Amino acid sequence: MEFSVRKLDILKELNLAQGVVERKTTLPILSNLLLEAEESQLRISATDLELGIRCACSAKINKDGVGTVPAKRLLEIVRSLPDAEIKLKVLENHWVQVTCERSSFKLVGMAKDSFPVLPAVPKSLAAIPAPVFSDLIQKTIFAISGEESRYTLNGALLMLKPETVAMVSTDGHRLAMIERQIKVAGLSNELRLLIPKKAMSELLKLLAESDEGAHVELAKDDSHLFFSVGGRILISRMLTGQFPNYEAVLPRDNKRVVELDKGLITAAIRRVALLADERSRAIRVQLDKDKLEVFSSSGEYGEAHETLDAAFAGEPLQIGFDYQYLLDFLSVLSEGGKVRLELKDEQSAGQLRPSEQEAYQYRYVVMPMRI
């Protein structure tokens, strides 16, 4: 295998592939990329056995072939090189030579036969505009559980119908759900996919690099999910098991409602959180006539208190929340908007949502803390 490629072309693909490469592995081949040079194109593949990626860029192919190369080292070398043509050549014993102008490197590769075979992409089931899919992920990814023991909570549930797309995630303490009215190309009935968190993180990177007007093509086989975006393909192992009945925890009777400026309440929570207990991250929210107060206290640091004007005429209420849960939600809302806080009582889940929802319906449910 021998080819030359422009630095900027290959660098973009190497950056995307790097997120999939297994860093701490007992299988050395998983630290490598598979490079395939054929017909004026360089194809790059990476996998950690849970997640795989295939991407490509144009190249001048002097000799067709296949080889593997250490992913991290190749990326670091390409980053360090000037913006010029880079040449790669597979030598004897799987070594790979990289040259650019006056620089030359030789990397220890591995046999291509030991690189895992990535599954073929089946027929597409549906297509979603890339900006819509990106929005779904950003609005839900932060509420996915990080506990490996709660396997079905390690991803988000994507629900597709011919006229709507929705995504929901939960870690058992909070739940984020977004729904959007949009025609889903290629879909005739309902499709539900449980997407792992790491796949969602890597998808965000692919979507950020996609062209305006791009779509995400969705497909699946018995054990994998496939996401195709503008010639790049992300392959993820499917999460098995039953996603919780999220509809059962959606509040229906939260009649204490207050509307707040997103910027003001975010800043207030950040300030009060400075003196909150570091382990519990608990703050106290108190609703009273025409005001909302936020408190924190810890035996180690002291106390903090801030008052915001708020149009509220109902019965007073005091409730505790994990401040980080609130900030996670507020951070993904658009600047300059308003947010509704909907409460029932001290023991029931609170609900937050943007006051203005035109393109989508977005809600965030948070369990209270004892204070």
Side-chain angles (χ1 to χ4, degrees), residues 9-23 25 27 29-36 41-57 68 71-72 74-75 115-142 144 154-160 165 167 169 184-187 191-240:
D9 288 347
I10 192 172
L11 184 58
K12 187 184 292 185
E13 309 309 321
L14 292 177
N15 275 321
L16 290 171
Q18 189 65 34
V20 173
V21 173
E22 182 62 72
R23 290 164 183 78
T25 178
L27 290 172
I29 191 65
L30 298 184
S31 299
N32 284 26
L33 299 174
L34 183 72
L35 304 182
E36 301 171 273
Q41 192 177 62
L42 171 67
R43 291 195 300 276
I44 301 170
S45 303
T47 181
D48 65 0
L49 299 183
E50 294 295 319
L51 203 60
I53 190 170
R54 283 199 201 109
C55 42
C57 64
T68 76
K72 185 182 178 188
L74 180 60
L75 176 60
F115 193 88
V117 177
L118 295 178
V121 183
K123 182 186 173 190
S124 172
L125 298 173
I128 305 173
V132 173
F133 207 177
S134 180
D135 204 29
L136 295 180
I137 294 173
Q138 288 174 13
K139 296 280 198 300
T140 55
I141 192 169
F142 58 85
I144 294 174
N154 292 162
L157 180 66
L158 176 66
M159 296 168 287
L160 304 177
V165 295
M167 187 173 269
S169 64
V184 181
L187 193 69
L191 178 64
R192 294 164 75 97
L193 305 173
L194 197 49
I195 307 174
K197 185 174 185 177
K198 186 177 179 183
M200 292 170 67
S201 297
E202 296 308 315
L203 260 173
L204 278 179
K205 297 175 189 174
L206 291 191
L207 294 168
E209 291 287 345
S210 63
D211 297 332
E212 192 175 338
H215 280 66
V216 183
E217 298 275 347
L218 303 172
K220 72 186 196 75
D221 61 18
D222 292 340
S223 54
H224 296 90
L225 300 174
F226 301 82
F227 307 90
S228 303
V229 192
R232 301 180 180 115
I233 302 161
L234 190 74
I235 304 163
S236 171
R237 275 199 183 277
M238 207 182 293
L239 283 176
T240 54

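The basis for the numbers below is simple: all heavy atoms, side chains too, and nothing from hydrogens, waters or symmetry mates. Predicted, not measured: the structure shown is a model, and the values here were computed from it.
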Review point. Are any of the side-chain heavy atoms of S134 and L204 separated by less than 4.5 Å?
Key: yes
Exercise for review: Work out which heavy atom in E13 is nearest to a heavy atom in A56; give both atom names and the distance.
Suggested key: CD-O, 3.5 Å
Study note, to complete from the structure: Correct closest heavy-atom pair for V216 and A130 would be CG2-CA, 4.1 Å
Review point. Would you call L234 and V229 a side-chain contact if the rule is heavy atoms closer than 4.5 Å?
Key: no
Practice item. Please report the C-alpha distance between S45 and E36 in whole Å, then the side-chain angles of each, then the deciding distance to 0.1 Å, and finally whether the side chain to side chain contact (heavy atoms under 4.5 Å, CB included) criterion is met. Key: CA-CA 8 Å; S45 303; E36 301 171 273; 4.0 Å; yes
Study note, to complete from the structure: When every non-hydrogen atom of A126 is compared with those of V184, the smallest separation belongs to CB-CG1, 3.7 Å
Review point. To the nearest 0.5 Å, what is the distance between NE2 (H224) and CD (E50)?
Key: 8.5 Å
Check your understanding: What do the steps show when you test L191 against K220 for side chain to side chain contact (heavy atoms under 4.5 Å, CB included), and what is the final call?
Key -> CA-CA 11 Å; L191 178 64; K220 72 186 196 75; 4.3 Å; yes
Exercise for review: For residues L218 and F227, determine if any side-chain heavy atom of one lies less than 4.5 Å from a side-chain heavy atom of the other.
Suggested key: yes
Practice item. Drop me the distance from F115's CZ to T68's OG1, to the nearest 0.5 angstrom. Key: 8.0 Å
Check your understanding: Is there side-chain contact between R232 and I53, with at least one heavy-atom pair below 4.5 Å?
Key -> no
Point to revise | Side-chain donor or acceptor of R54 paired with backbone N/O of R43 under 3.5 Å | key: no
Review point. Counting N and O atoms only, with roles assigned by atom type, does the side chain of D135 sit under 3.5 Å from a partner on the main chain of P131, one being a donor and the other an acceptor?
Key: no
Practice item. Answer yes or no: is there a donor N or O on one side and an acceptor on the other, between the side chain of T140 and the main chain of S169, under 3.5 Å? Key: no
Check your understanding: Is there a side-chain contact between L16 and K205, using heavy atoms and a 4.5 Å cut-off?
Key -> yes
Review point. Between CG of L193 and CG of L160, what distance do you get to the nearest 0.5 Å?
Key: 6.0 Å
Check your understanding: If you measure from CD on E217 to CD1 on I233, what distance do you get to the nearest 0.5 Å?
Key -> 10.5 Å
**Study point:** side chain to side chain contact (heavy atoms under 4.5 Å, CB included) between V165 and F133, intermediate numbers included
**Key:** CA-CA 9 Å; V165 295; F133 207 177; over 6 Å; no
**Study point:** Validation row: V21, K72 side chains within 4.5 angstrom (heavy atoms)
**Key:** no
Review point. Between H215 and P129, which heavy-atom pair has the shortest distance, and what is it?
Key: CD2-N, 3.5 Å
Review point. Considering all heavy atoms of both residues, which atom of D221 and which atom of M238 are nearest to each other, and what is their separation?
Key: O-CE, 3.2 Å
Review point. Under 3.5 Å, is there a donor-acceptor pair between the side chain of D211 and the main chain of A214?
Key: no
**Study point:** Validation row: M167, I195 side chains within 4.5 angstrom (heavy atoms)
**Key:** yes
Check your understanding: Looking at CG of L206 and CG of L203, how far apart are the two atoms once the value is rounded to the nearest 0.5 Å?
Key -> 6.0 Å
Practice item. Begin from the C-alpha positions of L27 and L49 and carry the test side chain to side chain contact (heavy atoms under 4.5 Å, CB included) through to its verdict. Key: CA-CA 10 Å; L27 290 172; L49 299 183; 4.0 Å; yes
Exercise for review: Please examine the side chains of L35 and I44, heavy atoms only from C-beta on, and report whether any two atoms are closer than 4.5 Å.
Suggested key: yes
Check your understanding: Ignoring hydrogens and geometry, is there a side-chain-to-backbone donor-acceptor pair from S210 to L207 under 3.5 Å?
Key -> yes
**Study point:** Heavy-atom closest contact (P116 atom, T47 atom, distance)
**Key:** CG-CG2, 3.9 Å
Check your understanding: Between atom CE of M159 and atom CG of L194, what is the distance when rounded to the nearest 0.5 Å?
Key -> 10.5 Å
